[in-house]
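Please read the structure below before turning to the comments.
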There are 2 protein chains.
Amino acid sequence: MASQRRLGQENSASRTALMDGVESVLRDDGYAALSARTVAERAGLKHQLVYYYFQTMDDLLMATYRRHTDRVLERIELAFRAPRPLHAVWDVWSNPVDSRLNMEFLVMANHNEAIRAATIAIGEESRRVGLERIAQLLAPTKLDGAVFNPMAVMMAISSLGGIVGLESALGISGGHAETRAMVEWCLDQLEPEVAPGVAVAGKG
Amino acid sequence: MASQRRLGQENSASRTALMDGVESVLRDDGYAALSARTVAERAGLKHQLVYYYFQTMDDLLMATYRRHTDRVLERIELAFRAPRPLHAVWDVWSNPVDSRLNMEFLVMANHNEAIRAATIAIGEESRRVGLERIAQLLAPTKLDGAVFNPMAVMMAISSLGGIVGLESALGISGGHAETRAMVEWCLDQLEPEVAPGVAVAGKG
DNA sequence: GTCTATACACCGATAGAC
DNA sequence: GTCTATCGGTGTATAGAC
């Protein structure tokens with residue numbers, strides 16, 4: 001099944017430009033607009049270059065997705081090292097620019113087997129990260145730990161953040177201020193302004 | 001410019017079959033797979049029929065979207081007449097089958113101006129519906145009405161429900177049981193088990 | 001590493017026969 | 001109301017020149 005076609009180097013600038021092109025097309029025009037031609041145009045390259053650096057369009061898509069998920073996980077892990085982790089995580093997920101890309105990939109996962117598999121992995125991984133930290137935050141509150149399960153809290157933050165971010169990008173604003181206020185009130189209950197006693201020791 | 005082409009009747013069975021075809025393609029293969037040919041195939045018709053019943057593919061898409069949003073609004077309004085409205089609304093939004101279609105349209109709104117406009121309308125409308133009812137439910141609780149704003153509560157239910165439903169359709173299950181439990185606990189605080197004498201299917 | 005040229009399939013849309 | 005035939009454009013992917 002492996003093609004005989006030669007492939008370019010992994011560290012090539014053009015290769016990176018093509019992956020940037022994929023993200024650019026996804027953000028602006030959605031996955032229906034993805035093609036070797038549209039992607040290459042964003043990168044300022046000819047469309048045949050896609051097939052010099054990748055075996056198929058799908059390979060380019062997957063390489064871009066893996067790079068994207070790596071970045072997201074990195075950002076989530078970084079957020080958990082912030083003074084108020086849940087507030088930081090909320091900021092990551094509700095960012096309008098990223099939400100657009102995240103949602104595009106999430107919906108694409110419904111029809112692309114490779115994307116689906118990677119999405120399941122990233123979804124569970126991103127929620128697993130820092131679960132103990134959330135458990136610590138939930139412990140001293142009056143909230144029942146069995147009900148406010150750490151994973152459920154992460155799920156709520158990521159989905160609500162994702163939709164608020166996506167809608168913001170869409171130009172929808174109704175209810176957003178109220179929603180953000182509600183979420184921040186909830187997070188403030190878990191993470192009051194600066195808590196010296198439970199300060200996180202910065203890593204490294 | 002308006003085309004000279006003649007158009008079929010609004011109440012035609014083939015016209016309805018074409019709209020069903022659009023939903024079918026969206027659910028199974030996503031909006032990237034939408035074409036006059038794929039849609040007509042689902043409907044058991046030739047692709048040229050699309051242009052007998054609709055001026056453009058975009059017109060077919062919009063007609064389907066309007067039909068879809070009408071149905072969603074209808075379901076939301078119906079839910080608000082249930083014994084426990086918020087529980088019913090949650091069931092509507094977290095339904096995996098509908099979530100797939102809802103999300104497909106939501107993401108499409110990022111790149112299609114007509115869909116975007118209609119989405120903004122439905123989004124705000126669906127949250128406005130029954131706002132007074134939610135306000136009534138929130139009133140007797142200890143929860144601050146200024147924080148737990150009715151619109152924010154609706155936003156939380158629809159976004160969290162939408163993502164949980166979509167992920168279920170994707171085959172993701174991690175954290176879902178915990179999330180559903182958390183949501184239902186919250187809703188139970190607002191809508192306790194109905195008073196004795198009123199028929200409620202056993203929960204217990 | 002990047003280009004031209006080329007293959008074949010599918011796209012939206014139209015014209016016109018039946 | 002549904003069909004055959006057709007147009008120009010774009011899609012993925014490859015071969016081979018430079």
Hey, does the side chain of A/Thr64 reach the backbone of A/Asp20 with a donor-acceptor pair shorter than 3.5 angstrom?
-> no
Any donor-acceptor pair under 3.5 Å linking the side chain of B/Arg100 with the backbone of B/Leu166?
-> no
Spacing between [X] atom [atom1] and [N] atom [atom2], to the nearest angstrom:
X: B/Arg15; N: D/dT2; atom1: CZ; atom2: C1'; value: 17 Å
X: A/Asp58; N: D/dA13; atom1: CG; atom2: C1'; value: 14 Å
X: A/Leu7; N: D/dA15; atom1: CG; atom2: P; value: 13 Å
X: A/Leu18; N: D/dA13; atom1: CG; atom2: P; value: 14 Å
X: A/Gln55; N: D/dA13; atom1: CD; atom2: C1'; value: 11 Å
X: A/Leu34; N: D/dT12; atom1: CG; atom2: C1'; value: 13 Å
X: A/Arg37; N: C/dC11; atom1: CZ; atom2: P; value: 15 Å
X: A/Phe54; N: D/dT12; atom1: CZ; atom2: P; value: 14 Å

Ring centres of B/Tyr31 and B/Phe105 under 6.0 Å apart?
-> no
Taking the side chain of B/Thr38 as heavy atoms from C-beta outward, which of C/dT2, D/dA13, C/dC11 is closest to it?
-> C/dC11
Describe the nucleic acid contact of B/Ser12 in one word from base, sugar-phosphate, nothing, applying a heavy-atom distance below 4.0 Å.
-> nothing
Between B/Ser35 and C/dC11, does any side-chain N or O lie under 4.0 Å from OP1 or OP2?
-> yes
Would you please confirm or rule out a distance under 4.0 Å between OP1 or OP2 of D/dT12 and any side-chain N or O of A/Thr56?
-> no
Donor-acceptor side-chain pairing of A/Glu184 and A/His87 below 3.5 angstrom | no
Consider only side-chain N and O atoms of A/Asp29 and B/Asn110, and report whether a donor and an acceptor are under 3.5 Å apart.
-> no
What are the residues of residues 43-53 of chain A, sorted by number, that bring a heavy atom to within less than 4.0 Å of DNA chain D?
-> A/His47, A/Gln48, A/Tyr51
Residue from A/Leu160, A/Ile76, A/Asp98 passing side-chain contact (heavy atoms from CB on, under 4.5 Å) with A/Trp93 = A/Ile76
Residues two or more places apart in sequence or in another chain: which of them pass side chain to side chain donor-acceptor pair (under 3.5 Å) with B/Arg128?
-> B/Glu125
